[in-house]
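Written below as structure tokens is the structure these notes are about.
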Amino acid sequence: MDVVNIGFVGTGGIARSHARGLSAVPQARIAAAADVSDAAVQDFAAANDVPRVYADYRHVLDNPAVDAVIICLPHALHAEAAIAAAQAGKHVLCEKPLAVSVAECDAVIGACHDANVNLMVGHTHRFIHEHTRAVELMAAGAIGQVLHIHDSIIGATRHKDLGWRGVPALAGGGVFMDNGVHSADRLRWWVGSEVTAITATVGHYGARTEGEDHGVAHLAFANGVTATMEISLIAPPPLGRCRAVVTGADGAMEIATWRHLKVATADAEEWETHTFPQNRSQFAREDGEFVASILENRQPLVSGEDGKRAVAIVQGIYAASESGQRVCLPAD
Ligand SMILES: NC(=O)c1ccc[n+]([C@@H]2O[C@H](COP(=O)([O-])OP(=O)(O)OC[C@H]3O[C@@H](n4cnc5c(N)ncnc54)[C@H](O)[C@@H]3O)[C@@H](O)[C@H]2O)c1
């Protein structure tokens with residue numbers, strides 16, 4: 001195989017980002033797409049020159065020309081589609097969250113393992129330049145031992161109709177299952193360890209959603225690092241739409257996603273600012289990694305296990321908030 005033929009399952013907002021990403025991956029072709037919305041799938045097909053379109057995604061899975069699928073559905077539909085794709089012998093790139101419970105994540109991982117197909121999870125933040133540079137600098141000791149990270153992802157969509165995202169039965173929760181799962185994944189990656197204890201308070205403060213729209217969690221990692229996570233639909237954007245501040249024993253870092261990376265050593269007077277091209281090219285790198293993993297017959301960079309760990313952290317946050325108790329997760 002020297003080209004990977006991709007089928008899209010769901011052709012809404014993020015599918016368009018993946019299609020743009022794939023246009024920069026010479027070894028990929030979009031072979032088919034499905035969406036229950038005829039308008040969505042027709043627009044997608046016209047914009048991306050897709051030869052076969054369907055209303056029912058099972059026809060994508062039955063199409064022998066399709067080698068792999070990118071699942072871009074509402075969260076509660078991920079597990080069923082990913083398992084069906086694996087059983088049809090298709091490699092799977094599933095958007096985040098991998099599924100809406102740890103048990104469902106296990107079922108997806110098991111189905112992909114049994115079918116011997118690759119499973120990658122769309123944790124896009126792993127492919128953003130300011131993030132990968134931050135990891136390189138932390139590994140090189142630029143700020144000494146990492147002690148704590150405060151991570152905030154703020155949507156500022158208080159007045160917006162959130163569609164399926166505002167319905168927990170489809171979204172698997174509120175803003176933590178949607179955006180907090182990005183934070184859970186990137187914190188695990190940056191810290192290089194697993195979360196072992198969680199306390200949290202999440203609630204609803206007025207956004208147009210039935211799920212939680214704001215909250216704060218405290219995470220303790222097995223290697224001694226701590227993190228706080230503030231995820232919100234209602235906090236004002238000047239607080240920083242997607243921003244992490246890292247405290248190190250010998251310096252600090254500000255990782256402002258889609259803006260810049262700033263680094264200061266312990267005795268510095270000023271931040272040193274690193275900037276990167278802001279062209280959403282992370283999708284080209286993410287989709288390129290998925291395609292390369294198939295062609296090279298190896299595991300992709302972001303595994304099903306990574307997807308499951310992020311969901312376990314979000315579920316732990318919900319359990320901690322509901323019970324008022326500290327929730328412990330396994331370190332291995
Ligand atoms: N990685 C990122 O940065 C990022 C950003 C946005 C969204 N996402 C993720 O992408 C996924 C989709 O989000 P979105 O923003 O594209 O949502 P969306 O609402 O724009 O698109 C979802 C599409 O799925 C279709 N659909 C619903 N049920 C279907 C079914 N049974 N069969 C076929 N199609 C069906 C809808 O008609 C819609 O076109 C979610 O998991 C979301 O969390 C990831």
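For ligands, and for the atoms within them, numbers begin at 1 and follow the listed sequence. The analysis underlying the following values was restricted to heavy atoms, covering all of them including side chains, and did not include hydrogens, waters or symmetry mates.
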Have a look at ligand 1 and work out which part of [X], if any, has a heavy atom under 4.0 Å from it: side chain, backbone, both or neither.
X    : value
P74  : side chain
K96  : both
R165 : side chain

Practice prompt. Could you check which of D43, D35, V181 puts a non-hydrogen atom nearest to atom 37 (O) of ligand 1?
Written response: D35

Worksheet item: Who's closest to atom 33 (C) of ligand 1 heavy-atom-wise, of D56, I14, V36, V9?
Response: V36

Tell me which protein heavy atom sits closest to [atom], plus the residue, atom name and distance to 0.1 Å.
atom                    : result
atom 21 (O) of ligand 1 : G12 CA, 3.3 Å
atom 18 (P) of ligand 1 : W164 NE1, 3.8 Å
atom 12 (C) of ligand 1 : C72 O, 3.6 Å
atom 28 (N) of ligand 1 : L77 CD1, 3.5 Å

Discussion item. Taking 4.0 angstrom as the limit and counting only heavy atoms of H75, give me the atoms of ligand 1 inside it, by number and element.
Written reply: 40 (C), 41 (O), 42 (C), 43 (O)

Worksheet item: Would the H125 and W189 ring centres measure less than 6.0 Å apart?
Response: no

Discussion item. Under 6.0 Å between ring centres: does that hold for W164 and H75?
Written reply: yes

Worksheet item: Charged N to carboxylate O under 4.0 angstrom, E130 versus R133?
Response: no

Fill in: Which atom of D213 lies closest to which atom of A207, heavy atoms considered
OD2-N, 2.8 Å

Worksheet item: Considering the options D306, L93, I109, V302, which one meets the side chain to side chain contact (heavy atoms under 4.5 Å, CB included) requirement together with L119?
Response: I109

